[in-house]
Amino acid sequence: MTDEQFDAVVVGGGPAGATAATVLARAGRSVLLLDRAGRIKPCGGAVPPRLIRDYAIPDELLVARITGARMVSPADRRVHIPIEGGYVGMVDRDVFDEWLRERARAVGAERRAGTFERLLRDPDGTAVVEYRPKETGRAGPTRQVRARCVIGADGANSQVARQSVPGADRVRHVFAYHEIIESPAPGCADFDPRTCDVIYRGRLSPDFYAWVFPHGATTSVGTGSANKGFSLRAAVAATRAAMGLEHARTIRCEGAPIPLTPMRRWDNRRDVVLAGDAAGVVAPASGEGIYYAMLGGELAGEAADQFLATGDARALATARKRFMRLHGRVFLILGMMQWFWYSSDKRRESFVSICQDKDVQRLTFEAYMNKELVRRDPLAHVRIFFKDLAHLAGFARP
């Protein structure tokens with residue numbers, strides 16, 4: 001097979017994979033970070049303060065600072081939600097992801113550009129990662145490296161997961177598509193460079209939402225749906241027209257699947273553990289993934305390091321256990337919200353109406369900014385509960 005061996009091979013150099021490689025390299029492990037160069041994931045690019053703090057993201061990577069969100073209903077009701085005392089950073093994924101990969105390299109990980117092909121086994125049972133180097137092209141020869149541990153961070157259709165973790169081929173996905181356009185001047189086309197628009201209309205997405213997220217000089221306009229027959233390109237064109245952005249110059253277009261729920265298993269109980277989209281860690285309802293991908297990468301890296309130190313494969317399962325202990329309840333609540341509120345335009349109208357409530361706005365953004373359920377101020381939760389009941393029963397006006 002091959003004499004080249006690493007403690008860990010990380011397949012995929014997005015936020016999850018780059019973070020996992022950084023954790024392992026800092027722990028003194030020999031790490032190969034294998035990334036398919038040139039791919040940019042469609043993503044709104046929002047990074048909350050918790051991410052910026054926890055992962056020491058420098059200010060120069062933030063291309064915009066968002067100070068509010070505008071929720072747009074099917075009837076064009078627009079509810080502005082200010083971010084009190086802070087902001088949400090916006091990043092361009094091509095620059096952001098490359099910076100994360102370079103940070104991994106700077107602390108000791110080796111970087112290679114190539115496409116994962118398959119996971120094999122040496123006669124002694126050691127994992128062998130076969131990949132096709134970028135420089136050899138699709139028809140060129142493959143290469144192989146041995147790995148004591150493999151981290152699959154290669155996206156929603158992870159080949160590492162499909163080849164090693166049961167159930168990976170049954171994960172349901174939302175298909176996302178966005179267009180990066182040239183941002184109009186502030187005040188033009190109903191556009192505010194400090195405000196993210198989240199548009200809840202069935203014709204723009206029957207089960208998710210459409211968005212307009214400013215990135216400084218550029219803006220992401222996109223939508224998503226699990227309905228394979230739904231035209232995402234037509235919906236983005238309609239979104240641009242509805243928001244007065246149809247004449248803005250299009251810079252590039254991107255599409256990709258996004259998982260709907262975390263996988264039940266993230267490891268093969270031997271020497272493979274998953275992270276990021278490969279593990280299904282994208283928040284339901286909001287579609288937020290960067291923070292959860294980086295946290296999942298960190299936990300996968302720590303689980304792999306523990307496995308390498310002890311040889312006990314049960315250590316790999318701690319990545320999922322720790323993640324779900326921290327955020328499982330949030331994912332459950334968001335999944336229920338998406339299932340209920342996004343199911344019809346009538347409910348979407350009520351949902352946007354609820355977003356006018358100051359208690360809802362405050363608690364939602366506190367939870368989003370800090371990635372924790374807000375347990376203080378129980379009376380606010382009681383008020384929200386009864387207001388929700390009023391909307392559900394039809395006693396409150398949309």
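Values reported hereafter were calculated over all heavy atoms of this structure, with side chains retained and with hydrogens, waters and symmetry mates removed.
- Looking only at side-chain heavy atoms (C-beta outward), Tyr291 and Asp54 come within less than 4.5 Å of each other.
- Side-chain contact check for Ser73 and Glu349: at least one donor-acceptor pair (N or O, by modelled atom type) lies under 3.5 Å.
- In this structure the side chain of Leu61 reaches within 4.5 angstrom of the side chain of Trp99, judged on heavy atoms.
- Considering OG of Ser30 and CD of Gln5, their distance stands at 7.5 Å, rounded to 0.5 Å.
- Put simply, the side chain of Glu182 does not reach to within 4.5 Å of the side chain of Thr219, judged on heavy atoms.
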**Message:** I'd like to know whether Ser225 forms a side chain to side chain contact (heavy atoms under 4.5 Å, CB included) with Val174, so could you lay out the CA-CA distance, the side-chain angles of the two residues, the decisive distance to 0.1 Å, and finally the verdict.
**Reply:** CA-CA 5 Å; Ser225 175; Val174 163; 5.5 Å; no
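- By the rule that hydrophobic residues join a cluster once side-chain heavy atoms approach within less than 4.5 Å of another member, Ile290 and Ile66 end up as members of one cluster.
- Proximity of Thr19 to Tyr55: side-chain heavy atoms (C-beta onward) are separated by under 4.5 Å at one or more points.
- In summary, the side chains of Ser183 and Thr218 do not present any donor paired with an acceptor at a separation below 3.5 Å, with no hydrogens or angles considered.
- Looking only at atom types and distance, the side chain of Arg322 has no donor-acceptor partner in the side chain of Thr318 under 3.5 Å away.
- Hydrophobic clustering, with ILVMFWY side chains joined whenever heavy atoms are under 4.5 angstrom apart, groups Leu51 together with Ile83.
- To the nearest 0.5 Å, atom NZ of residue Lys321 and atom CZ of residue Arg314 are 9.0 Å apart.
- At a threshold of 4.5 Å between non-hydrogen side-chain atoms, the residues Phe6 and Cys149 do not count as touching.
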**Request:** Please step through salt bridge (Lys or Arg N to Asp or Glu O under 4.0 Å) for the pair Arg101 and Asp35, ending with a clear verdict.
**Result:** CA-CA 9 Å; Arg101 290 188 288 267; Asp35 182 57; 3.6 Å; yes
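- Using a cut-off of 4.0 Å between Lys/Arg side-chain N and Asp/Glu carboxylate O, Arg269 and Asp267 are scored as not salt-bridged.
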**Prompt:** Taking it one step at a time, do Phe96 and Ile57 satisfy side chain to side chain contact (heavy atoms under 4.5 Å, CB included)?
**Reply:** CA-CA 9 Å; Phe96 181 72; Ile57 303 304; 3.9 Å; yes
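- Counting all heavy atoms, side chain and backbone alike, Val47 lies closest to Met90 at CG2-N, 4.3 Å.
- What you find for Ala210 and Thr239 is that their closest heavy atoms are CB-OG1, 3.6 Å.
- Listed for the Asp154 side chain is a donor-acceptor partner under 3.5 Å among the backbone atoms of Val160.
- When ring centroids are compared, Phe175 and Phe230 stay outside the 6.0 Å threshold.
- Side chain of Thr22 to main chain of Ala18: a donor-acceptor pair is present (N/O by atom type, distance under 3.5 Å, no hydrogens or angles).
- A donor-acceptor contact shorter than 3.5 Å is absent between the side chain of Thr195 and the backbone of Ala69.
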**Request:** Show the numbers, then the answer: is there a side chain to side chain donor-acceptor pair (under 3.5 Å) between Asp124 and Thr126?
**Result:** CA-CA 6 Å; Asp124 65 1; Thr126 301; 2.9 Å; yes
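- In this structure, the side chains of Ile181 and Arg249 stay at 4.5 Å or more apart for every pair of heavy atoms.
- Under the 4.0 Å criterion applied to side-chain N and carboxylate O atoms, Asp345 and Arg347 are not assigned as salt-bridge partners.
- Tyr342 and Arg348 are not linked by any side-chain donor-acceptor pair at a separation below 3.5 angstrom, with hydrogens and angles left out of the test.
- Residue Arg270 comes nearest to Phe307 through the heavy atom pair O-CZ, 3.4 Å, listed as atom of the first residue, atom of the second, then distance.
- No donor-acceptor pair closer than 3.5 Å links the side chain of Asp92 to the backbone N or O of Asp94.
- Put simply, CG on Leu34 and CD1 on Ile151 are 13.0 Å apart, with the number rounded to the nearest 0.5 Å.
- Remark: the backbone N or O of Arg203 is not paired with any side-chain donor or acceptor of Arg201 at under 3.5 angstrom.
- Ring orientation note: the planes of Trp341 and Phe351 are tilted relative to one another, at an angle of 30° to 60°.
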Using atom types as modelled, flag every donor-acceptor pair under 3.5 Å from a side chain in residues 251-261 to any protein atom, sequence neighbours excluded.
{"from": "Arg252", "atom 1": "NE", "to": "Glu254", "atom 2": "OE2", "distance (Å)": "2.2"}
{"from": "Glu254", "atom 1": "OE1", "to": "His178", "atom 2": "NE2", "distance (Å)": "2.5"}

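- Under the 3.5 Å distance criterion, the side-chain polar atoms of Asp207 are matched with a main-chain donor or acceptor of Ala226.
- Taken from CG in Leu32 to CG in Asp7, the straight-line distance is 11.5 Å, to the nearest 0.5 Å.
- Taking CZ from Phe208 and OG from Ser286, the interatomic distance works out to 7.0 Å, rounded to the nearest 0.5 Å.
- You'll find the side chain of Val221 reaches within 4.5 Å of the side chain of Leu245, heavy atoms only.
- Note on ring orientation: taking the six-membered ring where Trp is involved, the planes of Phe323 and His327 are tilted (angle from 30° to 60°).
- Cluster annotation: Met336 is not connected to Val352 through the hydrophobic network of ILVMFWY side chains, with a link wherever side-chain heavy atoms come within less than 4.5 Å.
- Residue Arg194 places its CZ atom among 12 or fewer non-hydrogen atoms of other residues, nucleotides or ligands, all under 6.0 Å distant.
- The environment of Met337 atom CE is dense: over 12 non-hydrogen atoms of other residues, nucleotides or ligands sit within 6.0 angstrom.
- In this structure, a donor-acceptor pair under 3.5 Å is absent between the side chains of Thr223 and Trp211.
- Applying the side-chain hydrogen bond (donor to acceptor under 3.5 Å, both in side chains) test between Gln144 and each of Glu4, Glu117, Glu130 identifies Glu130 as the sole match.
- Across all non-hydrogen atoms, the minimal contact from Arg265 to Leu274 is O-CD1, 4.4 Å.
- The main-chain N or O of His247 is never found under 3.5 Å from a side-chain atom of Arg240 such that the two would form a donor-acceptor pair.
- Under a 3.5 Å cut-off, the side chain of Ser158 and the backbone N or O of Ala278 do not form any donor-acceptor pair.
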Enumerate donor-acceptor pairs with a distance under 3.5 Å from any side-chain N or O in residues 8-16 to protein atoms, sequence neighbours excluded.
none

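- Judged by distance alone, the side chain of His173 and the main-chain N or O of Ala156 form a donor-acceptor pair under 3.5 Å.
- Formation of a donor-acceptor pair under 3.5 Å by the Arg105 side chain with backbone atoms of Glu110 is not found in this model.
- Looking at Leu308 and Arg29, their side chains come closer than 4.5 Å, going by heavy atoms from C-beta outward.
- For the pair Glu98 and Arg111, the salt-bridge criterion is met [side-chain N within less than 4.0 Å of a carboxylate O].
- The two residues Ala304 and Leu24 come nearest to each other via the heavy atoms CB-CD2, 4.1 Å.
- Atom-to-atom distance recorded for Gln159:CD and Arg162:CZ is 6.0 Å, nearest 0.5 angstrom.
- Using a 4.0 Å cut-off between charged nitrogen and carboxylate oxygen, Arg233 and Glu179 do not count as a salt-bridge pair.
- Taking every heavy atom of both residues into account, Leu316 and Val273 meet most closely at O-CG2, 3.7 Å.
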**Asp197 vs Met243, side chain to side chain contact (heavy atoms under 4.5 Å, CB included): CA-CA, chis, key distance, verdict** = CA-CA 9 Å; Asp197 288 314; Met243 305 305 288; 3.4 Å; yes
**Request:** Starting from the C-alpha separation in whole Å, work towards a yes-or-no answer on side chain to side chain contact (heavy atoms under 4.5 Å, CB included) for Leu62 and His215.
**Result:** CA-CA 9 Å; Leu62 304 182; His215 283 206; over 6 Å; no
